[in-house]
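Take a look at the structure below.
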Amino acid sequence: MRVRVLGSAAGGGFPQWNCHCSGCRRARAGDPAVKPRTQASLAVSADGKRWVLLNASPDLPAQLRDNDILHPDNNGPARNNPIAAVIISGGDIDCITGLLTLREGHAFRLYAQDFVMSVLNANQVFSVMNGDLVAREILPPASPVTLHDASGQELGLRVEAFPVPGKIPLYQEEGRDLSALVSAESVIGLSVTDDAGKTLLFIPGCAHVTPEILERAKNAEIVFFDGTLWQDREMIDAGLSQKTGARMGHISVSGECGTIAAFSALMRTRKIFIHINNTNPILCDDSEEAKKVRDSGWDVAYDGMEVTL
Ligand code: MLT
Ligand code: MN
Ligand code: ZN
């Protein structure tokens, strides 16, 4: 399986349009230690020809331009593109908005859990994806599904959706009390396995690491995991927001209850942080925090990064 990181930043991207925190300033100034990043998404492929997007980021137009694996075949029909399927892991803006980019008469298969499919079905704007070309298929929880393109051809990959602790999307929060924000079905992790039995986990949003997640990670070759914040109060301390990471449904990278600690027994699996917020110092290659991450056996995803399983 080939895996290309299309985008590695959290919602808002890096630098974020309305932010001049120190990381955003350095990225905007072209500092070579601080690479700009688009909003999180992966492309995966079993044959290197037909690609499956994991989440459709608002930055998809730029990602399509920057990644030649997703360019049309000049020897193919007048209109064509290698995207054969798209799988969505949550209802947040940074997971679904790129679907609106895929509206120009291209056939593909769209997979999402019931919760997200209901959001898409209820929002008329997503009907720009022509129903004759885009088949919508609900991903059942904890049950592997063989991936197909729009015409029913197998793509050589299976996906299993599993629930992870998370929060309902920001735009649904209004009027709900805090206890109703935590949701069992709104966020999923994706486990993608090829015909050789090699597995990738994609968990770009997660409130805490459960025993099930650890067990799945142990059996995977590689895990891309929520790297939103270095520490829980980061946005508050920077004067940028009133919200903790916990309030946003995101575990922190550091600390006793953080991700590095939670995965510390996991030696064999390659571990990569993705969905990284612009305030997280691990985005600066020369920071203490980035060094700690590397010393703990983790990588920090960057746009254009490619790994092969
Ligand atoms: C998140 O991951 O917390 C969301 O992307 C927030 C948002 O929708 O802006
Ligand atoms: Mn997000
Ligand atoms: Zn910033």
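Just follow the structure's listing: the first ligand is 1, and inside any ligand the first atom is 1.
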Enumerate the pairs of nitrogen or oxygen atoms, one from ligand 1 and one from the protein, separated by less than 3.5 angstrom; state names and distance to 0.1 Å.
{"from": "ligand 1", "atom 1": "2 (O)", "to": "H250", "atom 2": "NE2", "distance (Å)": "2.8"}
{"from": "ligand 1", "atom 1": "2 (O)", "to": "H275", "atom 2": "NE2", "distance (Å)": "3.1"}
{"from": "ligand 1", "atom 1": "3 (O)", "to": "H250", "atom 2": "NE2", "distance (Å)": "2.8"}
{"from": "ligand 1", "atom 1": "5 (O)", "to": "D94", "atom 2": "OD1", "distance (Å)": "3.1"}
{"from": "ligand 1", "atom 1": "5 (O)", "to": "D94", "atom 2": "OD2", "distance (Å)": "3.1"}

With no hydrogens and no angle check, is any side-chain donor or acceptor of E289 less than 3.5 Å from a backbone partner on C284?
->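 No; judged by distance alone, with no hydrogens or angles, the pair does not exist.
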
Does N278 reach the main-chain N or O of C24 with its side chain, forming a donor-acceptor pair under 3.5 Å?
->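 No.
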
Protein N, O or S within less than 2.8 Å of the Zn ion (ligand 3), waters excluded =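 The answer, once waters are left aside, is C19 SG, C21 SG, C24 SG, N278 OD1.
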
Under a 4.0 Å threshold between the charged nitrogen and the carboxylate oxygen, would [Y] count as salt-bridged to [X]?
X    : Y    : answer
R79  : E104 : no
K292 : E288 : no
D194 : K198 : no
K167 : D92  : no

Taking both backbone and side-chain atoms into account, decide whether D92 has an N/O/S atom under 2.8 Å from the Mn ion (ligand 2).
->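 It does not: D92 brings no N, O or S atom closer than 2.8 Å to the Mn ion (ligand 2).
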
State whether H275 contributes an N/O/S atom found under 2.8 Å from the Mn ion (ligand 2).
->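 A backbone or side-chain N, O or S atom of H275 is under 2.8 Å from the Mn ion (ligand 2).
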
The Mn ion (ligand 2) - name of the N/O/S atom of D94 that sits closest to it =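 Of the nitrogen, oxygen and sulfur atoms in D94, the Mn ion (ligand 2) lies nearest to OD2.
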
Shortest non-hydrogen contact from V164 to I188?
->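 So the two residues come closest at CG2-C, 4.0 Å.
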
D59, D94, D303 screened by side-chain hydrogen bond (donor to acceptor under 3.5 Å, both in side chains) with T38, the one that passes =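 Only one option passes, and that is D303.
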
May I have the step-by-step check of side-chain hydrogen bond (donor to acceptor under 3.5 Å, both in side chains) for H250 and N277, ending in yes or no?
-> CA-CA 11 Å; H250 293 291; N277 194 56; over 6 Å; no

Under 3.5 Å side-chain donor-acceptor pair for N55 and S89 =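 Result is yes, a qualifying pair exists.
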
Apply side-chain contact (heavy atoms from CB on, under 4.5 Å) to I203 and F162, showing your working.
-> CA-CA 10 Å; I203 310 174; F162 56 92; 3.9 Å; yes

